[in-house]
Novice: 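Handing you a structure now.
Reminder, nothing fancy here: chain letters follow the sequence lines and each chain counts from 1.
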Amino acid sequence: MLRRIGIEAIEVRRADELAQVDGLILPGGESTTMVKFLTGENLLEPIRQFAGEGKPIFGTCAGAILLAREVTNPPQLSLGLLDVSIERNGYGRQLDSHIAEVATSLAGGAMEAVFIRAPRFTSLAAEVETLASIKGEPVFVRQGKIFAATFHPELTDDERAHRLFIEQALKHQQQSAVPS
Amino acid sequence: MTDNSIRLKTGLAEMLKGGVIMDVTNAEQAKIAEDAGAVAVMALERVPADIRRDGGVARMASPKKIREIMAVVSIPVMAKVRIGHFAEAQVLEALGVDFIDESEVLTPADEEHHVDKHQFKVPFVCGARNLGEALRRIGEGAAMIRTKGEAGSGNIVEAVRHLRQISHDIKRLTILGAEELMAEAKNLGAPYELVRMVAKDGKLPVPNFAAGGIATPADASLCMQLGAETVFVGSGIFKSSDPAARARAIVKATTHYQNPLMVLEASEELGEAMPGLDIAKLPESELLQTRGW
């Protein structure tokens, strides 16, 4: 998706690779596995620092779980960068995976959303803004420069969610390029 | 089945990329696998090395065992059915497993036909030794392909052969002229539309994983460097002397497969690997990879 938009992307597996990027995507996958990876490689603190420096982070599906303040079903460790509670496998197992149209405040009308063993936000702090929702339930949210979607925008042709995140990354890049 | 169904099926396969899927036979092993960082577990009655040793008919695992496994882990649970045994697949779908492996490791139920996987909502993975076989399975609705390798052998040679064969076949397609593709589809025994798609994209339309004989961290790294997107480890973990440590080590080597220092770290302080078999000395009748058509 990023390359399609024309953005250079690398895979970050270590803290020194994290230092090379202006924005970080926490992708889909298995959050249980990803938490083990992040703790095993001592990446939790570096990612929190990364966010502290005002660099944007976008979590999709499992990535949204990693960002949340509180995780349930079952509870697990997370970065706590986004003031939400999230329930893992909120719709059920793979047989409950589905594709739906979600209403969004972004220009261009409804967004196609692919939910795969997706989590559900169960509560949002007041500072968290809803960017897309289905039947009144938030599925794409933002708190400052932290973005999180419970679906997989990378599995559709819709670039809007990623572009929103990229805007923030470019902004940060320009600001940090100014000599101080 | 609709286009959306295929997107959801391959979508889950996409989410497993870069990880390790481990064979487990009970809830306790499933927990060890999850704790070690597996992205999914494969529930089966006996690991391939034991199937090979004990002989007899190998079937789908008991639903009770699979349920116990589903209850203790939060990662996806896969289970195997016999080739062509669509009723076993219906049972697994009713049970709610996340992925079905129509596997040559079990005793085939149909010696001519595979399961029509389009009829199912649950995604399927199937084994392949070459591009023709991979595309026949995708044509039937498989959402993920894995090499067959030679399961339960502890010998990586067949998985390497199949990975290389598939990527060789794909490269070949990309340099053929459009008018050559129909004859090539005939040679491969593969659906023409899929042959055209692969010729254009230079890759399979579904994720391509490695399986069959992976026993060490370096084996996992080798498969990933040869183009596999994830590795399945069957007997390699729970037939070794320290399963938890080996499971963690293989996960680490798969994550950092391009970094020899990390693979070295993963390879140190491990106990004994599972004993291996020389494939060349196995009689044809004992090979699992020749099952499937």
Side-chain angles (χ1 to χ4, degrees), chain A residues 1 10-14 16-17 26-41 43 60-65 71-77 86-101 112-119 151-158, chain B residues 2-22 31 33-41 70-78 92-100 120-124 143 230 247-248 251-252 254-259 261-262 265-266:
Chain A
M1 175 67 87
I10 62 167
E11 291 180 2
V12 174
R13 291 187 174 83
R14 294 189 322 218
D16 56 328
E17 292 166 330
L26 298 171
E30 283 308 314
S31 63
T32 323
T33 309
M34 290 159 76
V35 168
K36 294 200 165 70
F37 165 70
L38 294 177
T39 41
E41 303 292 328
L43 278 171
T60 65
C61 193
I65 299 172
V71 182
T72 59
N73 188 34
Q76 70 185 22
L77 189 68
I86 198 163
E87 180 193 9
R88 294 188 52 205
N89 295 324
Y91 300 91
R93 306 189 68 95
Q94 171 63 7
L95 288 171
D96 305 294
S97 292
H98 59 284
I99 297 177
E101 293 264 294
E112 186 188 39
V114 181
F115 294 93
I116 295 178
R117 287 172 49 93
F151 56 94
H152 291 280
E154 77 279 12
L155 294 181
T156 65
D157 295 327
D158 198 319
Chain B
T2 62
D3 179 39
N4 276 359
S5 164
I6 290 168
R7 288 171 65 199
L8 288 170
K9 289 171 174 175
T10 52
L12 178 57
E14 294 281 341
M15 295 313 139
L16 303 173
K17 279 185 181 176
V20 181
I21 300 166
M22 302 183 191
K31 199 65 201 149
E34 182 177 63
D35 288 343
V39 287
V41 290
M70 286 164 68
V72 298
V73 295
S74 62
I75 53 179
V77 175
M78 305 182 167
L92 289 184
E93 181 168 74
L95 189 58
V97 302
D98 299 293
F99 234 103
I100 295 178
F120 291 81
K121 206 179 163 199
V122 62
F124 277 75
T230 285
R248 280 195 303 274
V251 168
K252 185 168 181 172
T254 305
T255 307
H256 299 284
Y257 72 93
Q258 292 161 308
N259 184 336
L261 281 176
M262 300 293 275
E265 232 179 86

Novice: Side chain, backbone, both or neither: which part of B:Val77 has an atom under 4.5 Å from a heavy atom of chain A?
Specialist: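 Both backbone and side chain of B:Val77 come within 4.5 Å of chain A.
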Novice: With chain A, which of B:Ala36, B:Pro76, B:Ala40, B:Gly18 has the greatest number of heavy-atom pairs at distances under 4.5 Å?
Specialist: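 Max contact count across the listed options: B:Pro76.
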Novice: Side chain, backbone, both or neither: which part of B:Asp35 has an atom under 4.5 Å from a heavy atom of chain A?
Specialist: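 Both parts, backbone and side chain.
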Novice: Is chain B contacted by the side chain of A:Glu41, its backbone, both, or neither, given a heavy-atom distance below 4.5 Å?
Specialist: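 Only the side chain of A:Glu41 comes within 4.5 Å of chain B.
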Novice: Specify which of A:Gln76, A:Met34, A:His152, A:Arg14 makes the most heavy-atom pairs with chain B at under 4.5 Å.
Specialist: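 Most heavy-atom pairs under 4.5 Å with chain B: A:His152.
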Novice: Is there a side-chain contact between B:Ile75 and B:Met22, using heavy atoms and a 4.5 Å cut-off?
Specialist: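 No; the side chains remain at least 4.5 Å from each other.
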Novice: Can you measure from OG1 (A:Thr60) to CD1 (A:Ile65) and round to the nearest 0.5 angstrom?
Specialist: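 Result: 10.0 Å between the selected atoms.
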Novice: Please evaluate residues A:Phe37 and A:Arg13 with respect to the criterion side-chain contact (heavy atoms from CB on, under 4.5 Å), reporting the C-alpha separation (whole Å), side-chain torsions for both, the decisive distance (0.1 Å), and the verdict.
Specialist: CA-CA 9 Å; A:Phe37 165 70; A:Arg13 291 187 174 83; 4.3 Å; yes
Novice: Mind checking the CG-NZ spacing from A:Leu38 to A:Lys36? Nearest 0.5 Å is all I need.
Specialist: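 The distance works out to 11.5 Å.
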Novice: Can you check whether B:Ser5 reaches B:Lys121 side chain to side chain, under 4.5 Å on heavy atoms?
Specialist: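 The answer is no; the side chains never approach within 4.5 Å.
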Novice: Quick one: what part of A:Arg117 sits under 4.5 Å from any heavy atom of chain B, side chain, backbone, both or neither?
Specialist: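 Looking at A:Arg117, just its side chain touches chain B.
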Novice: Answer yes or no: does atom CG of A:Asp16 have more than 12 heavy-atom neighbours from other residues, nucleotides or ligands under 6.0 Å?
Specialist: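 Yes, because the 6.0 Å sphere around CG of A:Asp16 holds more than 12 heavy atoms from other groups.
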Novice: Is it the backbone or the side chain of A:Thr156 that comes under 4.5 Å from a heavy atom of chain B, or both, or neither?
Specialist: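 The answer is both parts of A:Thr156.
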Novice: In terms of ring plane angle, is the pair A:Tyr91 and A:His98 parallel, tilted or perpendicular, where the classes change at 30° and 60°?
Specialist: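 If you compare the ring of A:Tyr91 with that of A:His98, the planes turn out perpendicular.
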Novice: Is there side-chain contact between A:Glu30 and B:Glu34, with at least one heavy-atom pair below 4.5 Å?
Specialist: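 No, their side chains stay 4.5 Å or more apart.
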Novice: Against chain A, label B:Met70 side chain, backbone, both or neither, depending on which of its atoms sit under 4.5 Å from a heavy atom there.
Specialist: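 Both parts, backbone and side chain.
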Novice: Checking heavy atoms, do the side chain of A:Glu154, its backbone, both or neither come under 4.5 Å from chain B?
Specialist: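 A:Glu154 touches chain B through side-chain heavy atoms alone.
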Novice: Quick check for you: to the nearest 0.5 Å, what is the distance between A:Glu112 atom CD and B:Asn4 atom CG?
Specialist: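 It comes to 6.5 Å.
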Novice: Which bit of A:Ser97 is near chain B, if near means a heavy-atom gap under 4.5 Å: side chain, backbone, both or neither?
Specialist: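 When you check distances to chain B, atoms from both the backbone and side chain of A:Ser97 fall under 4.5 Å.
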Novice: Among A:Gly29, A:Gly92, A:Gly28, which residue forms the greatest number of heavy-atom pairs with chain B at distances under 4.5 Å?
Specialist: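 The candidate making the most pairs under 4.5 Å is A:Gly29.
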Novice: Does any backbone or side-chain atom of B:Ala38 lie under 4.5 Å from a heavy atom of chain A? Answer side chain, backbone, both or neither.
Specialist: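 Backbone of B:Ala38 only, per the 4.5 Å heavy-atom cut-off to chain A.
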Novice: Please look at A:Ile116 and chain B and tell me whether the side chain, the backbone, both or neither of the residue comes under 4.5 angstrom of a heavy atom of that chain.
Specialist: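 Side chain of A:Ile116 only, per the 4.5 Å heavy-atom cut-off to chain B.
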